[in-house]
J.: 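Take this structure first; my questions come after.
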2 protein chains.
Amino acid sequence: MVTIKDVAREAGVSPKTVSRVVNDDPAVNGKTREAVAEIIRRMHYVPDHAARMMRMSHSSVVGLMTDAVATTPYSVDIVRGTQAGLREQSRTMLIANTDGDPGQEQEYWRVFRAHKVAGVVYATMYHRPVDLGAPDFERGIVLANCYSARRSHSSVVPDDEGGGYTQARHLIELGHRRIGIVSLSPVLRATVLRGAGYRTAFAEGGLLYDPALEIPGFITRPDGGEDLVAYDAALGLLRRADRPTAIICGNDQIAVQIYAAAAALGLSVPDDLSVIGFDDMAVITRTLKPMLTSVALPYFEIGRIAVDILGRVNGEIDGPVVPQVLVPCPLVVRQSCRQLV
Amino acid sequence: MVTIKDVAREAGVSPKTVSRVVNDDPAVNGKTREAVAEIIRRMHYVPDHAARMMRMSHSSVVGLMTDAVATTPYSVDIVRGTQAGLREQSRTMLIANTDGDPGQEQEYWRVFRAHKVAGVVYATMYHRPVDLGAPDFERGIVLANCYSARRSHSSVVPDDEGGGYTQARHLIELGHRRIGIVSLSPVLRATVLRGAGYRTAFAEGGLLYDPALEIPGFITRPDGGEDLVAYDAALGLLRRADRPTAIICGNDQIAVQIYAAAAALGLSVPDDLSVIGFDDMAVITRTLKPMLTSVALPYFEIGRIAVDILGRVNGEIDGPVVPQVLVPCPLVVRQSCRQLV
DNA sequence: GTCGCGTGTGACAGCGATGTCATCAACGGC
DNA sequence: GCCGTTGATGACATCGCTGTCACACGCGAC
């Protein structure tokens, strides 16, 4: 390994001067700076992170602690967003996947402490409350896609209520008056919040919210697993005499089954039935025929913003430390919803 | 921060003894060990990674360099597998996403050098050749889901040919004799390899390979993007007088469109048409009605094995350094293929 | 009593970087 | 010609940890 001393010797200056050049200290003569910089390039000198970190007693690495985010298709974009945010700060990311196991989580908190990470983004796969169990960790922690019931940390979460409102509003604007809903498991926070959004939009549009038209598309089994029953839910809705002209889905997977149910009944999307998804998972929305209109979960943005907030919490970036950021869920219009005359 | 000296003072021993306890050096009296360990627990002492790394001049962190793996639903499992492998070695992972930009990649090689990472897993989203452009990096590098055309590094790749063989073989064993293929873009290596697999299985089963029955489901646009045209491809196949009884898909997204095309023609899966996918993306395979039989891309295993090979390359794990590992693609049987009488 | 040996422990140096403070040359003002 | 100031550079200590080597002690062999 080539060290600062090697460079210093080669350049005929002291190590401290090389250090100054590396760190853009203005108190270096232009000529010296040039010469040293050239030698650094030539020798491929890269300052040792460990030594630097030791001297400066904090690292340029941020920890990303997740239950399963980094490893499931649903919310990987949080990772991408986090990484993008960190890149702007020339930082890197140490990633820890706990698989939801508290033992592993405990272990990784130790790792993060050992690495003196500059902060931690704590992300979850589902939008839900978390309890961090007071890890004795001195640097900032920001929650992404989750929030602290005790309000102990700042959080960045999707605006599920707004997302639900957007879904319903879009259909209402297209002229739909009978709207069915095939929702996520009722135990999820997202379901509750979006339900509130639906009602607001319905009320605004002068529609009545009819509980008979809302059916869960997922049911949670006693063992914690989930069964996707959207197909049957959709059949139930579509066989009614007063068949809805549009269906709001709790996520894009539900939409897949609704397409199938509609096809089975000889109904065409969007001519006979409009469908709007949630999540905007490219793999599904762009694969279905016709392509699925959906409301996006802004995971990339969530990650990015979490990093920003983390900077504020640590006082490295100017700006207020807000307790919670609601990130809007934008509408992505494709071909699955039709304007009623 | 509580340091080794703090612990030493508290325990009334020298820092070196504390160090011995932390590192399980047997040359410590049982009583001393107990006492020191207790104090360590009580004070929440965590050895400083930077200092340790500096002293020992290598890190317990492995770099994961990817083009987009960490951030796309397709191949995130490589990340999970890598992490799982590292966990067994009590290591952690520094993650770098280049978005395919050589400038970023260059930058991250520097970061990895600065961190003195113990090695690098270089993973790509698609199975393809790569040219690492000789980064002056001293520790081991293992390629995951890609390989070096110049054979300069060990690689771990999916056995696409075997996967193709498995798809075809499964259908043949179920009695199918006319099998259509809706493949990935012909420019992909996977397409070529799987094609070879199909032919082998066809030959074994005494079937003729009919080029008219193989149609691309994706086409690559001049701008590099891809268009999913599997729906039309499927219609073409299914409207033939000598309609195939089964279709092999290049991936699971293609299967979605084939389901749709079949439904449009009033054909039922699997009664009138058997469909077998590739990739085994849970979001799709378990969402379709009926659930999709597919051949899995063993991304998790690839990541895991890559870490193992990395250990061998670095001489930390016993075992031969093989130039390439082909990881089998297992068949996952669900409900989309039917036995012909 | 001396020696050798094994066991447990500590003193000390040094890994590579940087903060602090000292040094030194050049220069303008008196 | 002297002094204070400014600008550029270097000497040195230090961050937390561990490898090396030395030392102290107890014990058995001669």
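Each chain gets a letter, A, B and so on, in the order the sequences are listed, and its residues count up from 1.
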J.: Roughly, in whole Å, what's the span from CE in A/Met53 to C1' in C/dC15?
T.: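 Going from CE in A/Met53 over to C1' in C/dC15 covers 15 Å.
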J.: Tell me, with the steps shown, if B/Tyr147 and B/Arg189 meet side-chain hydrogen bond (donor to acceptor under 3.5 Å, both in side chains).
T.: CA-CA 11 Å; B/Tyr147 59 98; B/Arg189 177 172 172 81; 2.9 Å; yes
J.: I want to verify a distance call: between D/dG16, C/dA17, C/dT18, whose nearest atom is closest to the B/Ala51 side chain?
T.: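 Per side-chain heavy atoms of B/Ala51, the pick is D/dG16.
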J.: Roughly, in whole Å, what's the span from NE2 in B/His115 to P in C/dA17?
T.: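 Roughly 14 Å, once rounded to whole Å.
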J.: The side chain of A/Lys16 is closest to which nucleotide in this list: D/dT20, D/dG10, D/dC15?
T.: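 So the side chain of A/Lys16 is nearest to D/dG10.
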J.: A/Asn23 CG to C/dA17 C1': how many Å, rounded?
T.: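 Distance, rounded to whole Å: 9 Å.
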J.: Verify, without hydrogens or angle tests, whether B/Asn29 (side chain) and B/Lys31 (backbone) share a donor-acceptor contact under 3.5 angstrom.
T.: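 Checking the backbone N and O of B/Lys31 against the side chain of B/Asn29, a donor-acceptor pair under 3.5 Å is found.
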J.: Which pairs, protein N/O on one side and nucleotides 6-9 of chain D N/O on the other, fall under 3.5 Å?
T.:
{"residue": "D/dT9", "atom": "OP1", "partner": "A/Thr32", "partner atom": "OG1", "Å": "2.5"}
{"residue": "D/dT9", "atom": "OP2", "partner": "A/Asn29", "partner atom": "N", "Å": "2.9"}

J.: Could you tell me whether the side chains of A/Thr124 and A/Asp67 share a donor-acceptor contact shorter than 3.5 Å?
T.: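 Their side chains do not contain a donor-acceptor pair, so the 3.5 Å distance test is not met.
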J.: Looking at D/dT18, I'd like to know if its phosphate oxygens (OP1 or OP2) sit under 4.0 Å from a side-chain N or O belonging to B/Ser19.
T.: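 B/Ser19 to D/dT18 OP1/OP2: side-chain N or O found under 4.0 Å.
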J.: Whole angstroms only, please: what is the CZ-P distance between A/Arg55 and C/dG14?
T.: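 Spelled out: CZ on A/Arg55 to P on C/dG14 is 18 Å.
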J.: Hydrogens and angles aside, do A/Glu105 and A/Tyr122 bring a side-chain donor and acceptor to less than 3.5 Å of each other?
T.: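 There is such a pair (donor and acceptor under 3.5 Å, judged by atom type) between the side chains of A/Glu105 and A/Tyr122.
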J.: Is B/Thr98 reaching over with its side chain to a backbone N or O of B/Thr66, donor-acceptor style, under 3.5 angstrom?
T.: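 Judged by distance alone, yes, a pair lies under 3.5 Å.
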J.: Can you tell me how far P of C/dC15 sits from NZ of B/Lys116, to the nearest Å?
T.: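 Taking atom P of C/dC15 as the reference, NZ of B/Lys116 is at 11 Å.
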J.: Name the nucleic acid region contacted by A/Arg52, choosing base, sugar-phosphate or nothing; use a 4.0 angstrom heavy-atom cut-off, strictly under.
T.: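 Sugar-phosphate contact only.
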J.: Without swapping roles, check the side chain of A/Asn23 against the backbone of A/Asp25 for a donor-acceptor pair under 3.5 Å.
T.: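 Flag not set: sc A/Asn23 to bb A/Asp25 has no pair under 3.5 Å.
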J.: Measure the acute angle between the ring planes of A/Trp109 and A/Phe112, then classify it against the limits of 30° and 60° as parallel, tilted or perpendicular.
T.: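 Perpendicular, since the angle between the ring planes exceeds 60°.
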J.: Is any side-chain N or O of A/Lys5 under 3.5 Å from a base N or O of C/dG16, one able to act as donor and the other as acceptor?
T.: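 Check fails, no donor-acceptor contact within cut-off.
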J.: From CG of B/Asp6 over to P of D/dC15, roughly how many Å is that when rounded to an integer?
T.: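 Interatomic distance, CG of B/Asp6 to P of D/dC15: 11 Å.
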